[in-house]
There are 2 protein chains.
Amino acid sequence: MADRGKRTYSRRSLHGKVAHTLGTRIMSGEYAPGALLPNEDTLSGELGVSRTALREAIKVLTSKGLIESRPKIGTRVRPQRVWNLLDPDILAWSLATRPVLEFIDKLLELREMVEPGAAALAARNHTPAQAEALRLAFAGMVAAPDLDAWNAADVRFHQALMAATGNELIASLGALIDLALSTSFDFTAKHIPAPRQGLPLHKILLERVLARDVDGAQEAAHALLKDAKATVAEIKI
Amino acid sequence: MADRGKRTYSRRSLHGKVAHTLGTRIMSGEYAPGALLPNEDTLSGELGVSRTALREAIKVLTSKGLIESRPKIGTRVRPQRVWNLLDPDILAWSLATRPVLEFIDKLLELREMVEPGAAALAARNHTPAQAEALRLAFAGMVAAPDLDAWNAADVRFHQALMAATGNELIASLGALIDLALSTSFDFTAKHIPAPRQGLPLHKILLERVLARDVDGAQEAAHALLKDAKATVAEIKI
DNA sequence: ATTTTGCTATTCATCATACAATAATCTGTT
DNA sequence: AACAGATTATTGTATGATGAATAGCAAAAT
């Protein structure tokens, strides 16, 4: 269910599965930073795959900054500091093995830094097509029959908003936030019935963006985040 | 010169070189989104490497969302929308083939969204060790004998600031910004003599963060960005 | 005693080749 | 025209052989 976004690495290919396995092991601390992974033959034996598949997985993890291989040394887990936490796979692996609530706070901090500014940019820069996408996503939220549909539309709305900034970097960041959001939605859905009060707030945000009300859009985004924070606080109790 | 951060993918290994080659070709549009790459045998022949090495590079690019391979179909470049622009390698490849100035504007937009908030967080959350790192980086800027040293210390200062937020996500984002910054420094250095006026502004930011002056730190970060924007504007003339 | 040098074993790096899996395309039949 | 099956092009996986790098040790030189 959490694979809405197609940005996480495929688990269909063998090496993809292996990368997933090793990635989660690293995230969970089973292979801690500084530690050596078992050597190629041992690992490929343990996982029941060929050296080829293992090797390709290793290269993927290396390219994400997680590990580092050298002849005669082996393959070592690099310090967390150099992990690229903004990588969708790393994020997903990390979410799969860590306390979600703690992460949600960090995510909220990031959103608070990014989203009001993004809303302001979107208000200033959006094209007609992007405005239409926003309207459509909002309509999806209005018409949502259940919580799942509502969350999906919510994610689409955010995506459209980030795209409307006209800044690809910010759009990428938005996609990452959405990935994290959909995961935490899956989590909160288990803990709270139906937090759908967000609708009027989204409506205000939409209207102000479309009206190119830069400051107003920023404020509206801020209000939305405040609401999200309140929801999280409720769960914690 | 631009490899200060060790977060970009190694070019020492063969498959790393191949990934770099293909990555830049994709960024430059030589392989446009939707297009098929030459098949494995052709490509490995053209590049003069074995299928294994090519394959490992392909897997790396796949994991970054750039391409997608399927049997009997081939390997296709995915739409830009799903590229992970927050990946250090993609960023570097993109910077190598695109007009830098245009990118600097986008980067400034992102920084404007992120850095004031980060400064505020750092003011609130920094630990003694992180405070020391900030002081050290600032001292490096003061003592810098030339522009290169100054820029290096500047990057360290930003890194320390982002780390001091206590939010790993933000720290990762900071690392990315720093990578982009050091590249654009290399660029601006060719166009403008010595923009070292930033020192007093950095000093104010440092003092306010250390004094846990949340609002003041935010303001100071904002002032710094305003200065950076002025510098960019000067180059454009 | 300390430093230097050279050897060796271990591990990853690369290559070449074979075969399997997949799916688009063609081909013949109904 | 529609369907079923064979063909074929392409990536996916596996394996064995050889190469290159280097940590750790031992021997030699200082």
Side-chain angles (χ1 to χ4, degrees), chain A residues 6 8-23 25-26 31-79 82 89, chain B residues 3 6 8-23 25-26 31-78 82 89:
Chain A
K6 300 172 192 105
T8 57
Y9 197 38
S10 166
R11 234 179 280 179
R12 280 180 320 200
S13 60
L14 186 52
H15 81 270
K17 284 182 210 161
V18 173
H20 178 85
T21 302
L22 297 180
R25 283 190 189 174
I26 292 173
Y31 300 143
L36 284 174
L37 268 59
N39 71 21
E40 276 185 4
D41 291 331
T42 311
L43 247 189
S44 65
E46 184 208 327
L47 300 175
V49 300
S50 71
R51 268 173 31 243
T52 305
L54 174 62
R55 196 137 245 293
E56 289 172 352
I58 296 271
K59 294 298 176 291
V60 167
L61 297 181
T62 304
S63 86
K64 292 180 188 301
L66 254 45
I67 55 180
E68 184 173 37
S69 311
R70 292 171 64 191
K72 171 69 188 177
I73 306 295
T75 299
R76 193 179 296 278
V77 179
R78 300 180 70 198
V82 299
D89 296 312
Chain B
D3 252 29
K6 297 166 194 113
T8 57
Y9 197 39
S10 166
R11 231 178 286 178
R12 281 180 320 198
S13 60
L14 186 53
H15 80 270
K17 284 182 209 160
V18 174
H20 177 85
T21 302
L22 297 180
R25 283 190 189 172
I26 292 173
Y31 299 143
L36 284 174
L37 268 60
N39 71 24
E40 282 184 354
D41 291 332
T42 311
L43 248 188
S44 65
E46 185 208 326
L47 300 174
V49 301
S50 72
R51 228 187 116 202
T52 305
L54 173 63
R55 192 139 246 295
E56 290 171 351
I58 297 267
K59 294 300 176 288
V60 167
L61 297 181
T62 304
S63 86
K64 293 179 188 300
L66 255 45
I67 55 180
E68 184 174 38
S69 316
R70 293 172 63 194
K72 174 68 189 176
I73 307 292
T75 299
R76 192 178 297 278
V77 179
R78 299 180 71 198
V82 300
D89 296 310

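Residue numbers begin at 1 in each chain, while the letters A, B, ... track the order of the sequences. Predicted model, so just to flag it, every value in this text is computed and none were measured.
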Sugar-phosphate only, base, or nothing, as touched by A:Ser69 at under 4.0 Å among non-hydrogen atoms: sugar-phosphate

Close residues, residues 38-47 of chain B, relative to DNA chain D [heavy-atom separation under 4.0 Å]: B:Asn39, B:Glu40

By side-chain hydrogen bond (donor to acceptor under 3.5 Å, both in side chains) - contacts of A:Glu40 (at least two apart): A:Arg55

side-chain contact (heavy atoms from CB on, under 4.5 Å) partners of B:Leu14, counting only residues at least two apart: B:Val49, B:Ala53

Partners meeting side-chain contact (heavy atoms from CB on, under 4.5 Å) with B:Glu68 (sequence neighbours left out): B:Arg78

Partner set under side-chain hydrogen bond (donor to acceptor under 3.5 Å, both in side chains) for B:Lys64, not counting sequence neighbours: B:Asp87, B:Asp89

Worked verdict on A:Thr21 versus A:Arg25 for side chain to side chain contact (heavy atoms under 4.5 Å, CB included): CA-CA 6 Å; A:Thr21 302; A:Arg25 283 190 189 174; 3.9 Å; yes

Nearest-nucleotide comparison on DNA chain C, the residue closer to the 5′ end among A:Thr75 and A:Thr52: A:Thr75

For B:Asn39, side-chain hydrogen bond (donor to acceptor under 3.5 Å, both in side chains) partners two or more places apart: B:Thr42

Can you give the donor-acceptor pairs under 3.5 Å from side chains of residues 69-76 of chain A to other protein atoms, not counting sequence neighbours?
from	atom 1	to	atom 2	distance (Å)
A:Ser69	OG	A:Thr75	OG1	2.9
A:Arg76	NH1	A:Gly34	O	2.8

Nearest heavy-atom neighbours spanning B:Gly65 and B:Val82: O-CG2, 3.8 Å

Earlier contact from the 5' end, DNA chain D, for A:Ala53 and B:Lys72: B:Lys72

Earlier contact from the 5' end, DNA chain D, for A:Val49 and A:Pro71: A:Val49

Touch class at under 4.0 angstrom, heavy-atom based, for B:Ile73 against every strand present: sugar-phosphate

Atom pair CD/CG of A:Glu46 and A:Asp41 - distance to nearest 0.5 Å: 13.0 Å

Opening and closing nucleotides of DNA chain C in contact with chain B, under 4.0 Å to non-hydrogen atoms: C:dT14 to C:dA24

Separation of A:Lys59 NZ from A:Ile67 CD1 (nearest 0.5 Å): 8.0 Å

Residue among B:Leu22, B:Leu66, B:Leu37 satisfying side chain to side chain contact (heavy atoms under 4.5 Å, CB included) with B:Val77: B:Leu37

5' to 3' contact window, DNA chain D with chain B (heavy-atom distance under 4.0 Å): D:dT8 to D:dT13

